There are 2 protein chains.
Amino acid sequence: MKSGPDIAMVAALVGDPARANMLTALMNGRALTASELAQEAGITPQTASSHLSKLEAGGLVEPEKQGRHRYYRLTDDDVAGVLEGLAGLAARTGHMRVRTGPKDPALRRARICYDHLAGDLGVQMLDSLRSRHLVKQKKQDIELTAEGERFLAKHLQISPEMLSHPRRPVCKACLDWSERRHHLAGTLGAAMMQRFAELKWAARDATPGSRVVNFTRTGEKQFAALFGNGKD
Amino acid sequence: MKSGPDIAMVAALVGDPARANMLTALMNGRALTASELAQEAGITPQTASSHLSKLEAGGLVEPEKQGRHRYYRLTDDDVAGVLEGLAGLAARTGHMRVRTGPKDPALRRARICYDHLAGDLGVQMLDSLRSRHLVKQKKQDIELTAEGERFLAKHLQISPEMLSHPRRPVCKACLDWSERRHHLAGTLGAAMMQRFAELKWAARDATPGSRVVNFTRTGEKQFAALFGNGKD
DNA sequence: TTCATGCTTCGATGGTAGCCGAAGCATTGT
DNA sequence: ACAATGCTTCGGCTACCATCGAAGCATGAA
């Protein structure tokens, strides 16, 4: 028998539909009350209470008392990241919960995944880069081409040496939560997101803990000019 | 009700201890037969078969027929990544599987993790490197210092260019199974392990499938001289 | 062919965990 | 003080699913 982290325990926590619903509801980074989460999961408050204690014991959520309400939020971005990963795997195998209602359209359109851009726009960006041969993608491997380097230097003032990192690959395909497509991660993904912020094209939502990325008017235009697919 | 990928389904797959054991056993990237996985998980072949079909249906593992054996492997790196993430969450909250009794002391002392050294000695080695500023570690990021490069060249004949790899970081902190501490992974971790083998300091145990690493008498001395903490 | 090995399917069993109703605290408001 | 709201605890019910024995296929060996 093995020792090591009890991966089954934390996975089992996410493995229950009711709890998964709650966690998904929390993935936009905002805190919700126990009752809201109960309604979100379609269960009674008693049951929700039980689930929430388990999630808390497992370190996936953190409570915050406020008056007679109890707000719960995801513990940190790592949790959100793992949930995104799980969602990616589920989406890839075609196991979608059928309804496609843009529950939180902003989150679906553009959000932070670790430190890079995810959501519709993130996927669109990688699509654009790939179709113009600025990057080459083979399965999970992405490589920056020479044209790609020139493109980055010219339009975003990003030079290759800014991207080298002992531990982290320059490019990486990261499976998107909402779409079942890849978006761009790695030091390049992070650098581009950072540049978008510096250029005031986009910024993380002000609400603490929110993972939504808001694009400015001009930012959206510039982004579309660089990575647009003509449909925007 | 929500839209989006059915995260609960895939999480539930990992959430069963037996299945989690199998997945963990597959995390070194090698394919294992159904029986091996059954033994690994401590269940009968029938039960394992049932689990494996579910894992396959969920897209987490892929089978490969070979003679009358059926080899299973993780579908791809995305799966391994999510599993690592889960392990990270579990480890962080202190939920380790407390497997009583050092079942295999040799395994606990020195073993192969992927392709690098893990266990007591692996942790000790990284500790030593860090305390002598041969590497700098910030959270999970490890960086080789200039002194570190000189040290490697002098004592282990490892040059920086041997370590560069398009997709893999040179250094990486890898969470240790038995200890709750980090040991050194990445191309450097692999290169050092390889060098230990070449120098006949240590070798993987002869038993097929075993992950134990046996140090020779002189190997242990040399290792202690380089990375010892005085207590050995 | 006959036997052995590896794996799967079938059927039955038992333990576990999700679920809700009712009751119990806690906080806030009147 | 009393009531209302929000959440938790308790007890019992139910459904699901992991598990294993036995039998059934498939592949390879003799």
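Treat the numbers as computed from the prediction; the structure is a model and nothing was measured. A note on names: the letters A, B, ... follow the listed sequences, proteins ahead of strands, and every chain is numbered from 1. Keep in mind that the numbers below use all heavy atoms, side chains included, and drop hydrogens, waters and symmetry copies.
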**Q** Using only side-chain N and O atoms of T44(B), determine if any of them is under 4.0 Å from OP1 or OP2 of dC20(D).
**A**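 For T44(B), the contact criterion (side-chain N or O under 4.0 Å from OP1 or OP2 of dC20(D)) is met.
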**Q** In this structure, how many angstroms lie between the P atom of dA17(C) and the CG atom of D16(B), rounded?
**A**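 Spelled out: CG on D16(B) to P on dA17(C) is 11 Å.
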**Q** Return whichever of E36(A) or A18(B) has its heavy-atom-nearest nucleotide of DNA chain D closer to the 5' end.
**A**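 Counting from the 5' end, the first nearest nucleotide belongs to E36(A).
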**Q** Quick one: side chain to side chain donor-acceptor pair (under 3.5 Å) partners of S128(B), sequence neighbours excluded?
**A**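 With sequence neighbours excluded, S128(B) shows a side chain to side chain donor-acceptor pair (under 3.5 Å) to R132(B), given in chain and number order.
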**Q** Quick one: is R70(A) getting a side-chain N or O under 4.0 Å of the dT8(D) phosphate, OP1 or OP2?
**A**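 Checking dT8(D) against R70(A), a side-chain N or O does come within under 4.0 Å of OP1 or OP2.
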**Q** Hey, does the side chain of H51(B) come within less than 4.0 Å of dC17(D)'s phosphate (OP1/OP2), counting only N and O?
**A**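 No, because none of the side-chain N or O atoms of H51(B) sits under 4.0 Å from OP1 or OP2 of dC17(D).
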**Q** Rounded to whole Å, please give me the gap between CG in L13(A) and C1' in dA17(C).
**A**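 Those two atoms, CG and C1', are 12 Å apart.
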**Q** Rounded off to whole Å, could you give me the CD1-to-C1' distance for the I43(B) and dG21(D) pair?
**A**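 Computing the I43(B):CD1 to dG21(D):C1' distance gives 15 Å.
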**Q** Whole angstrom is fine here: how far is it from CD in Q46(A) over to P in dT5(D)?
**A**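 Answer to the nearest Å: 16 Å.
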**Q** When you match S50(B) and G42(A) each to their closest nucleotide on DNA chain C, which lands nearer the 5' end?
**A**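 Nearest nucleotide further toward 5': that of S50(B).
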**Q** Could you tell me the separation between the NE2 atom of H69(A) and the P atom of dT28(C), rounded to a whole number of Å?
**A**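 Taking NE2 of H69(A) and P of dT28(C), I get 10 Å after rounding.
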**Q** For the pair R92(A) and D78(B), find out whether any cationic side-chain nitrogen is under 4.0 Å from an anionic carboxylate oxygen.
**A**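 Result for this pair is yes, salt bridge flagged.
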**Q** Take atom CG of L52(B) and atom P of dT9(C), then tell me their distance rounded to the nearest Å.
**A**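 For the pair L52(B) CG and dT9(C) P, the rounded distance is 11 Å.
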**Q** Respond yes when some side-chain nitrogen or oxygen of K54(B) is under 4.0 Å from OP1 or OP2 of dC17(D), and no when none is.
**A**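 Answer is no, no contact under 4.0 Å.
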**Q** If I take atom CG in residue L55(A) and atom P in nucleotide dT8(D), what distance separates them, rounded to the nearest angstrom?
**A**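 It works out to 12 Å between those atoms.
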**Q** Rounded off to whole Å, could you give me the CE-to-C1' distance for the M9(A) and dA17(C) pair?
**A**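 Rounded to the whole Å, the gap is 13 Å.
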**Q** So, is T47(A) near the phosphate of dC19(C), with a side-chain N or O under 4.0 Å from OP1 or OP2?
**A**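 It does not, given that no N or O in the side chain of T47(A) lies less than 4.0 Å from OP1 or OP2 of dC19(C).
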